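Here the structure is a predicted model, which is why all the values come from computation and not from measurement. So you know, we letter chains A, B, ... as the sequences are listed, proteins then strands, and number each from 1.
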Amino acid sequence: MVVFSENIFSSYVKNPNLFNNKGALLHSFVPEKISYRDREIMRLSSILAPVLRGFQTNNVFIYGTCGTGKTICSKFVLNQLEEMGSNNGRAIKTIYINCKMKRVADTEYRLFAQLLRELGVAVPDTGLPTDVLYRSFFEKVDEKEQAVVIMLDEIDYLFKKVGDTFLYNLTRINEELKKARLNIIGITNDLGMRDGLDMRVKSSLGEEELLFRPYNAAELKDILRKRAEAGFMPGVVSECVLSKCAALAAQEHGDARRALDLLRVAGEIAERRGDMEILEEHVDLAEQSIDMDKVIETMRSQPKHSQAVLLSIIKLSETMKKKSSWVDKRVLTGDVFNVYTSICEENCIKTLTQRRLGDLITELDMLGIINARVISKGRYGRTREISLAINEAVLEKTKKFLVERFGY
DNA sequence: AGTCCACAGGAAGGGCAGGCGA
DNA sequence: TCGCCTGCCCTTCCTGTGGACT
């Protein structure tokens with residue numbers, strides 16, 4: 001039996017506390033002032049302002065790469081709108097839904113169920129016809145004079161999965177409402193999504209468009225400095241640490257989320273080590289740790305078949321690396337299916353069909369864990385060429401998790 | 001130019017879990 | 001409780017595809 005000489009939490013209590021307000025370093029935190037996005041905020045607020053006078057406003061489509069402030073600016077504007085509405089006696093309800101949340105809003109049924117839950121209506125996970133949810137949502141929204149603003153984040157994910165009927169239905173609800181008004185803000189990283197929309201949806205939802213450009217390194221550094229002042233104790237973060245986080249995030253198309261994650265995780269690592277301030281080496285360690293956690297957490301939540309497919313791809317990639325240079329080293333769907341089948345057999349798991357495996361490969365591709373590209377090998381058929389989209393360190397940890405899971 | 005391969009991916013339907021109303 | 005309905009996950013069946021080969 002292990003005997004502890006002192007309380008197991010004593011080192012945690014003894015270590016210096018570097019954080020002042022950790023919440024200020026999270027993505028979900030909405031600061032009082034958002035830098036370098038004045039133009040976008042003014043534009044969005046001017047589009048939504050007529051809501052305060054009880055008028056219908058245009059729907060908005062917001063584009064921009066990851067971490068360019070789309071979500072935070074939209075939330076900021078909606079908070080202000082709601083606040084002004086309550087000061088002026090206008091009923092304004094804002095709803096934020098992330099369409100990428102698996103089993104929350106990744107089908108039309110789940111989206112309407114989630115919208116109803118946000119309005120305080122209990123909805124079962126399954127069993128009801130979608131048009132019943134659709135009708136309940138319509139009735140709930142229209143039961144009083146109010147403006148409902150729905151913000152659909154990562155809308156491209158739902159669009160790719162189920163098409164644009166949910167958008168069509170939402171815009172149709174809007175046309176039929178008598179007392180209430182409904183506004184939709186669609187947020188997406190996919191600049192090409194608009195082209196795939198039905199003409200009616202396009203004209204209705206894309207009435208207004210806003211593009212968020214990426215932050216540059218100097219802007220990222222300034223944003224980080226402000227968050228660090230709120231989030232850390234004085235003297236914990238140096239200028240060179242801020243520069244390093246900003247530079248690393250700027251390399252990833254000006255992703256402010258990435259910069260914030262780097263700084264927060266570096267702080268956690270420094271605190272755990274008992275250091276008094278954050279050093280550049282903490283940022284390096286944070287960089288590895290973030291990628292690792294993201295991929296492993298994602299895979300942990302995936303069904304076992306998806307996990308087995310990824311393990312097959314990892315095993316095949318390793319085998320291909322060892323092959324001599326003149327041999328075809330590409331990982332193809334058929335090979336993945338063969339390895340996947342043997343993993344399933346060894347683990348007494350019923351194998352899925354190759355058709356279904358194709359869908360799982362598509363899902364892993366959408367999650368950014370692999371890259372899958374349809375290629376033609378001429379006389380030798382059409383297939384998908386698959387490669388891993390994660391770095392060596394993350395790959396090792398992910399492999400370890402999957403090998404422990406399947407013992408393969 | 002026509003054939004062929006190895007899938008991609010759409011459509012339809014089955015099984016299952018869960019809700020609803022009689 | 002039971003029959004019927006639904007969404008979801010999966011299989012089966014099918015057509016389409018694009019470039020190497022003949």
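- Note: CD1 (A:I361) to P (B:dA6) measures 17 Å, nearest angstrom.
- Closest approach to the A:R382 side chain among C:dC8, C:dG16, C:dA20 is made by C:dG16 (side chain taken as heavy atoms from C-beta onward).
- Considering only side-chain atoms of A:L352, the nucleotide from C:dG7, B:dA6, C:dT11 that sits closest is C:dT11.
- The distance from the CD atom of A:Q354 to the OG1 atom of A:T333 is 7.0 Å, given to the nearest 0.5 Å.
- When rounded to the nearest whole Å, the span between CD of A:E385 and C1' of C:dG19 equals 15 Å.
- One atom, OH of A:Y109, and another, P of C:dC5, lie 17 Å apart when rounded to the nearest Å.
- Side chain A:R355 to base B:dG9: a donor-acceptor pair is found below 3.5 Å.
- Here the rule is side chain to side chain contact (heavy atoms under 4.5 Å, CB included) with A:T188, and of A:L152, A:D156, A:L158, A:D153 only A:D156 fits it.
- Between A:S376 and the phosphate of C:dG19, there is no side-chain N or O to OP1/OP2 separation shorter than 4.0 Å.
- With a 6.0 Å radius and a threshold of 12 heavy atoms from other residues, nucleotides or ligands, A:E385 has its CD atom above the threshold.
- The phosphate of C:dG7 (OP1 or OP2) has a side-chain N or O of A:T130 nearer than 4.0 angstrom.
- In this structure, A:R356 atom CZ and B:dG9 atom P are separated by 14 Å, rounded to whole Å.
- Residue contacts shown for A:I375 are absent, as no nucleic acid heavy atom lies under 4.0 Å away.
- When each of B:dC20, C:dC8, C:dT11 is scored by its nearest atom to the side-chain atoms of A:R110, the top-ranked nucleotide is C:dC8.
- The CG-C1' distance, from A:L360 to B:dA8, rounds to 15 Å in whole Å.
- Rounding to whole angstrom units, CG of residue A:L133 and C1' of B:dC20 are separated by 13 Å.
- For A:T383, counting side-chain heavy atoms from C-beta on, the closest listed nucleotide (C:dC9, C:dC21, B:dC7) is B:dC7.
- Within 4.0 Å of A:G358, counting heavy atoms only, lies no atom of the nucleic acid at all.
- With A:F401 as the aromatic partner, A:R300 meets the cation-pi criteria of under 6.0 angstrom to the ring centre and within 45 degrees of the ring axis.
- Side chain of A:T341 to main chain of A:F337: a donor-acceptor pair is present (N/O by atom type, distance under 3.5 Å, no hydrogens or angles).
- Protein atom CG of A:L357 is 16 Å distant from nucleotide atom C1' of C:dT12, rounded to whole Å.
- A:R373 has its CZ atom 13 Å from the P atom of B:dG9, to the nearest Å.
- Distances shown here put every side-chain N or O of A:T333 at or beyond 4.0 Å from the OP1 or OP2 atom of B:dA6.
- Checking B:dC7, B:dC4, B:dG9 against every side-chain atom of A:R379, the shortest atom distance belongs to B:dC4.
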